[in-house]
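A, B, ... follow the sequence lines: proteins, then strands. Residue 1 opens every chain.
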There are 2 protein chains.
Amino acid sequence: MSHQNVDLAGLLHQKGYRMTAQRQMVLDAVCEADGHATPEEIWARVQEKSSAVNRATVYRTLKFLRDMDLVTATMLEDGHFEYEIAGEQPHHHFVCRACDVNLEFSDEAFAAFVKSLQQRYGFVVEMSHITLTGLCPQCQEQTKQR
Amino acid sequence: MSHQNVDLAGLLHQKGYRMTAQRQMVLDAVCEADGHATPEEIWARVQEKSSAVNRATVYRTLKFLRDMDLVTATMLEDGHFEYEIAGEQPHHHFVCRACDVNLEFSDEAFAAFVKSLQQRYGFVVEMSHITLTGLCPQCQEQTKQR
DNA sequence: CTACATGCAAAGAGTTTGCATCCGC
DNA sequence: GCGGATGCAAACTCTTTGCATGTAG
């Protein structure tokens, strides 16, 4: 969302990289995913536009865009990556283990947690994005009923 | 540590499973790892005792022991598993991105975080063990010096 | 025209699975 | 002896890499 503003070409040129159609398509695909997307989902989305784009290019480009701070990568509990557009309000995700619903929550609670750790132990947590798992409200209800 | 107390054979029998040398060796290996260990490390440790034990058996046994609540599995940021003995004081881990030092921190701060999320969003986080990354105090110092 | 970027295919790590054999109970 | 557990090898997924070719600047 709202990456239209990003002058990708100019930004890359500044840093000495080149603008290519693939990079634009991958960035667009991450945006359209609206939330998070796995490399595979992004690849599928890119293929709709240009079926010649290679998987490896998508992986390489995602890492590249991450280095450019245009997207962020998250390692899920199941060991898979998810990417999303960077620069939004800091927030985190919660995945329900029962229904797989994906909820967002603001950074406030996590920031407080990080701060308490810093005060108590001295280490600075540098994770801008975390994903927690558990039971969502709906599935908690269903569990009770059984 | 302190798994010697665990009556593995009896526990398995109660649940209708069998006691085998492999299961004992894997459990021992996780204990000896004293902290965390990857499946590969555990496999190597088991092999020292009995070189005939298969990788697949180690993987299967680790999952099995996790289902028995004897060990816990954690997905690291780099996408690899780590196992450790369950039943200790709940705690979490912090890995320094610079020096890879592995620090523990108590569950108190995390529990407070989880509680605040539950109150605010309704979902119940069920992760008994998390791993955070960032900079440890020492590496923070070194970064300043540069 | 000169690097950087891509496509292709192949490798690679980590993990899982099918199936015959083995062995705990 | 029965059925769960193991060994073996092969498959599987996700991701990375080497190299020739293509293309942006």
Exercise. Below 4.0 angstrom from OP1 or OP2 of dC23(C), is there any side-chain N or O of Gln22(B)?
Worked result: no
Exercise. How many Å lie between CG on Leu12(B) and C1' on dT6(D), as a whole number?
Worked result: 15 Å
For this session: Name the closest nucleotide to the Lys63(B) side chain, picking from dT6(C), dT16(C), dG25(D).
Result: dT16(C)
Exercise. Rounded to whole angstrom units, what separation is found between the CD1 atom of Ile42(A) and the P atom of dT15(D)?
Worked result: 10 Å
Exercise. Separation of Tyr17(B) atom OH from dC23(C) atom C1', in whole Å?
Worked result: 18 Å
Seminar exercise, completed: Atom OH of Tyr83(A) and atom P of dT15(D) are separated, to the nearest Å, by 7 Å
Exercise. Whole Å only: how far is the CG atom of Leu76(A) from the P atom of dT13(D)?
Worked result: 18 Å
For this session: Tell whether Arg18(A) reaches the base of dC4(C) with its side chain through a donor-acceptor pair below 3.5 angstrom.
Result: yes
Exercise. Quick one: which of dT6(C), dC8(C), dT6(D) gets closest to the side chain of Thr61(B)?
Worked result: dT6(D)
Exercise. What do the steps show when you test Thr72(B) against His129(B) for side chain to side chain donor-acceptor pair (under 3.5 Å), and what is the final call?
Worked result: CA-CA 8 Å; Thr72(B) 58; His129(B) 187 274; 5.7 Å; no
For this session: Kindly point out which of dT6(D), dC8(C), dT15(D) is positioned nearest to the side chain of Phe81(A)?
Result: dT15(D)
Exercise. Can a side chain N or O of Thr20(B) be found less than 4.0 Å away from OP1 or OP2 on dA5(D)?
Worked result: no
Exercise. Counting side-chain heavy atoms from C-beta on, which of dC19(C), dA5(D), dC8(C) comes nearest to Arg60(B)?
Worked result: dC19(C)
Exercise. With a cut-off of under 6.0 Å to the ring centre and 45° to the axis, is Arg23(A) in cation-pi contact with Phe64(A)?
Worked result: yes
Problem set entry | First of Ala52(A) and His80(B) reached from the 5' end of DNA chain C, by closest nucleotide | Ala52(A)
Exercise. Quick one: are Leu135(B) and Arg97(B) in side-chain contact, heavy atoms under 4.5 Å?
Worked result: yes
For this session: Start with the C-alpha distance between Glu40(A) and His80(A), add both sets of side-chain angles, then the distance that settles side chain to side chain contact (heavy atoms under 4.5 Å, CB included), and finish with yes or no.
Result: CA-CA 10 Å; Glu40(A) 209 66 11; His80(A) 295 167; over 6 Å; no
For this session: State which of dC19(C), dT16(C), dG25(D) makes the closest approach to the side chain of Tyr59(B).
Result: dT16(C)
For this session: Look at the side chain of Arg55(B) against the base of dG7(D) and say whether a donor-acceptor pair falls under 3.5 Å; ignore hydrogens and angles.
Result: no
For this session: Measure from CD on Gln14(B) to P on dC25(C) and round the result to the nearest Å.
Result: 14 Å
Problem set entry | Residue closer to the 5' end of DNA chain D, Val58(B) versus Gly16(B) (nearest nucleotide) | Gly16(B)
For this session: Could you tell me the separation between the CZ atom of Arg23(B) and the P atom of dG4(D), rounded to a whole number of Å?
Result: 11 Å
Exercise. So do Leu70(A) and Leu8(A) actually touch side chain to side chain, heavy atoms under 4.5 Å?
Worked result: yes
Exercise. For the pair made of CG in Asn54(B) and C1' in dA9(D), what is the distance, rounded to whole Å?
Worked result: 9 Å
